[in-house]
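Letters A, B, ... are given to chains in the order of the sequence lines, protein chains preceding strands, and every chain is numbered from 1. Reckoned from all heavy atoms, side chains included, excluding hydrogens, waters and symmetry mates.
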Amino acid sequence: MQFRSLKGIQDILPPESYVWQKIEETSRETFKKYGYHEIRLPIIESTELFTRSIGETSDIVEKEMYTFNDKGDRSVTLRPEGTASLVRAYVEHHLYNEPSPQKYYYIGPMFRYERPQAGRFRQFHQIGAEVLGSEDPSLDAEIVSMLNAILRRLGIDGFDIEITSIGCKTCRPDFKTELKKSLADRLGLFCEDCNRRFDLNPLRTLDCKVPSCIEARKGSPAIIDFLCGECSRHMNGLKHGLSLLNIPFVINPNMVRGLDYYTRTAFEVTQGSPGSQKAIAAGGRYDGLVAEFGGPPIPGIGFAIGAERIVPLIKESLTVRESPDLFFCTLGKEASEKSFVLTSQLREKGLWVEMNYDTSSLKSQMRKADRLGAKNVIVLGEDELKNGRATIKNMKDKNEIAVAFDAGDILKAISK
RNA sequence: GUGAGUGUAGCUCAACUGGCAGAGCAUCUGACUGUGGCUCAGAGGGUCGCGGGUUCAACCCCCGUCACUCACCCCA
């Protein structure tokens, strides 16, 4: 019986795993400078946590969740995103009693039951950051700037930071009716999907990629023109903040969020040709979510980077693997045991040491050492055992030095 | 959920559109009784995704099925 990983769920093998380590390290270092602390959240939660926050009619909830009943007949779900869990933990542990704002980050797998595609998987990984406890737009600017910093430090460029505001409880409904009024008389020009969207969620017609729809919606009202005073001031505050920090951005008034809890600021980092999966990170403000989860009316903002979407963009994708400092070639059982012990001692001293395990010709052992890229090789055979000295060969310059069977001597010899 | 494409060695791909399943790379061995890379020689490795059908004969044609890939919807 041959097993395969499940559809859309993949192994991350070396050397690519080193690219992942680099992404995680760079993110952690950057988060630290901005005062974000790691929070480790469960990957499984009660189903209702997601249906309530993400929205009953969102695509994620309607068709993309890994939901099942546990043995206690409770409906549970593998998390499709991180914000809901974070806010749950924030409220559950009364973290609003800590000084505001509270800044958190998380790194981990998310699950969505979708048809896999380039840059889209059923298990994928997000690097997310969330701030709770302030609605100051300078925080919006700061978090966008932090996202920018992480991507830059990873050597990624050629991306756009798109921002917009999607309004709040007061102004969004007004805009929705205005938009419907504007679209109503030319519905025939739009595609089938847009006609469906017109009833369900008219805002989505603004995001349609069908060329005829792009043409047809020209001149439609844009949400940023309908923002209430508060939202408008907030949006300007964000733009001002980004300008102060010299973060280039573009305003995309057609941006739409797939999750219901977003308010005001929404942003997206896009890269590459227009089409699918150009978003490598996305985020926004969710000022009503904490209260929705039974906490005080505390605002929040966050983003998530799609790890799978930046891996291919990282220039160091072809990271050269590090190589062992020393490889022991052995001939005979006694030599093998001797190097077994020396190998262990040298590792204690901090070296990366490999040895030959199976009996094979010296030639093939040398070949193996070479394939591993070993910097030095020690040959231990009958002659060496007789003399009590072995030779270390530097694989690069081919020099050989005689050493005693002593971890200290060997260490000294190869650190020259 | 919808549509299209592709499944042959560990990897990348051939096989005259029906006639004995191949190459390159990789692996292992040898040339060189105990010294790697280069070169040369050889070896191992296949239920041609799976099941059925047509045929004297199927990797090739037909039907079904599964998997993978890409795209749509949507999203990180």
In whole Å, I'd like the distance from the [atom1] atom of [X] to the [atom2] atom of [N].
X	N	atom1	atom2	result
A:R120	B:C75	CZ	C1'	6 Å
A:L362	B:U35	CG	P	6 Å
A:N356	B:G34	CG	C1'	13 Å
A:E334	B:G34	CD	P	20 Å
A:L331	B:U33	CG	C1'	11 Å

Self-check item: From A:I310 atom CD1 to A:I23 atom CD1, the distance as rounded to the nearest 0.5 Å
Solution: 4.0 Å

Mind listing the N/O atom pairs, protein and nucleotides 40-48 of chain B, below 3.5 Å?
none

Self-check item: Candidate pair A:F175 and A:F226, rule ring pair (Phe, Tyr, Trp, His ring centres under 6.0 Å), full reasoning
Solution: CA-CA 6 Å; A:F175 171 68; A:F226 284 79; 5.6 Å; yes

Base of [N] paired with side chain of [X] (donor-acceptor, under 3.5 Å):
X	N	answer
A:R115	B:G3	yes
A:K396	B:G36	no
A:E62	B:G1	no
A:R367	B:C28	no

Watson-Crick or G-U wobble mate for [N], both contacts under 3.5 Å:
N	value
B:U47	none
B:U29	B:A41
B:C70	B:G3
B:U54	none

Exercise. Could you verify whether a donor N or O on one side chain and an acceptor N or O on the other, from A:T30 and A:R153, lie under 3.5 Å apart?
Key: yes

Quiz item: Going by atom types only, do A:T77 and A:E45 share a side-chain donor-acceptor pair under 3.5 Å?
Solution: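 Note: A:T77 and A:E45 side chains miss the donor-acceptor criterion.
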
Self-check item: Mutual orientation of the aromatic rings belonging to A:F31 and A:Y105 [parallel < 30°, tilted 30-60°, perpendicular > 60°]
Solution: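 Because their plane-to-plane angle is under 30°, the rings of A:F31 and A:Y105 count as parallel.
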
Quiz prompt | Residues that A:E48 engages under salt bridge (charged side-chain N to carboxylate O under 4.0 Å, His left out), provided they are two or more places apart | solution =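 Applying salt bridge (charged side-chain N to carboxylate O under 4.0 Å, His left out) to A:E48 gives A:R52.
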
Quiz item: If the P atom of B:G7 is compared with that of B:C75, how far apart are they to the nearest Å?
Solution: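 One P to the other, the span is 34 Å.
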
